[in-house]
**Student:** 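Below you'll find the structure I mean.
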Amino acid sequence: WVRVARLAHGDWMHVDTRPVRFDRAQPVRLTAEADAHRLTVAVNGETVDTWELERDLVGRVGLIKFFTAAVRFRNFELQ
């Protein structure tokens with residue numbers, strides 16, 4: 001699953017959830033591209049969706065996992 005949320009006044013607000021299929025035994029490439037008030041997310045090069053958001057994206061970026069298994073990040077890059 002890919003879940004999109006925004007942080008507003010200290011609270012996470014759910015925007016959308018989309019199902020995604022991938023091999024859990026292999027590394028997964030997650031890409032998020034933000035341009036003003038548009039967010040496009042891709043998993044392993046396949047676009048999940050593009051969201052038109054209520055306002056421009058400014059400020060902080062975060063990643064959250066919604067399950068109990070351990071997660072490792074490699075080659076994390078923010079531009």
Side-chain angles (χ1 to χ4, degrees):
W1 299 95
V2 168
R3 291 186 177 132
V4 176
R6 67 182 184 90
L7 185 61
H9 308 291
D11 294 319
W12 283 103
M13 314 255 322
H14 179 261
V15 174
D16 199 7
T17 300
R18 297 279 191 224
V20 179
R21 294 187 184 274
F22 56 87
D23 182 354
R24 293 181 65 184
Q26 300 296 320
V28 176
R29 181 176 178 86
L30 174 66
T31 306
E33 294 184 22
D35 180 18
H37 62 277
R38 181 176 298 127
L39 175 67
T40 301
V41 175
V43 175
N44 292 331
E46 297 290 325
T47 299
V48 174
D49 209 338
T50 298
W51 291 268
E52 297 288 332
L53 304 175
E54 297 173 7
R55 57 190 171 125
D56 286 354
L57 295 167
V58 294
R60 300 177 182 166
V61 167
L63 294 174
I64 300 172
K65 67 182 189 83
F66 291 95
F67 49 89
T68 58
V71 174
R72 290 183 305 168
F73 296 99
R74 295 185 309 168
N75 301 321
F76 182 81
E77 182 178 335
L78 180 62
Q79 298 181 359

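By convention here, the first residue in the shown sequence is residue 1.
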**Student:** Show your working on side-chain contact (heavy atoms from CB on, under 4.5 Å) between Val15 and Leu53 and close with a plain yes or no.
**Tutor:** CA-CA 9 Å; Val15 174; Leu53 304 175; 4.2 Å; yes
**Student:** Considering only distance and modelled atom types, tabulate donor-acceptor pairs under 3.5 Å from the side chains of residues 28-39, sequence neighbours left out.
**Tutor:**
{"residue": "His37", "atom": "NE2", "partner": "Glu52", "partner atom": "OE1", "Å": "3.3"}
{"residue": "Arg38", "atom": "NE", "partner": "Glu52", "partner atom": "OE2", "Å": "2.7"}
{"residue": "Arg38", "atom": "NH2", "partner": "Glu52", "partner atom": "OE2", "Å": "3.2"}

**Student:** My understanding is that only residues two or more places apart in sequence, or in another chain, count here; which of them pass side-chain hydrogen bond (donor to acceptor under 3.5 Å, both in side chains) with Thr50?
**Tutor:**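 Checked Thr50 against side-chain hydrogen bond (donor to acceptor under 3.5 Å, both in side chains); matches are Thr40.
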**Student:** Which residues pass the side-chain hydrogen bond (donor to acceptor under 3.5 Å, both in side chains) test with Trp51, sequence neighbours left out?
**Tutor:** Asp16
**Student:** Listed by chain and number, what are the side chain to side chain contact (heavy atoms under 4.5 Å, CB included) partners of Asp23, not counting sequence neighbours?
**Tutor:** Ala25, Gln26
**Student:** Calculate, to the nearest 0.5 Å, the distance between atoms CH2 and OG1 belonging to Trp1 and Thr17 respectively.
**Tutor:** 7.5 Å
**Student:** Mind checking what makes side-chain hydrogen bond (donor to acceptor under 3.5 Å, both in side chains) contact with His9, not counting sequence neighbours?
**Tutor:** none
**Student:** Not counting sequence neighbours, which residues clear side chain to side chain contact (heavy atoms under 4.5 Å, CB included) with Ala8? List them please.
**Tutor:**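 Testing Ala8 for side chain to side chain contact (heavy atoms under 4.5 Å, CB included), a comparison that skips the adjacent residues, returns Arg6, Met13.
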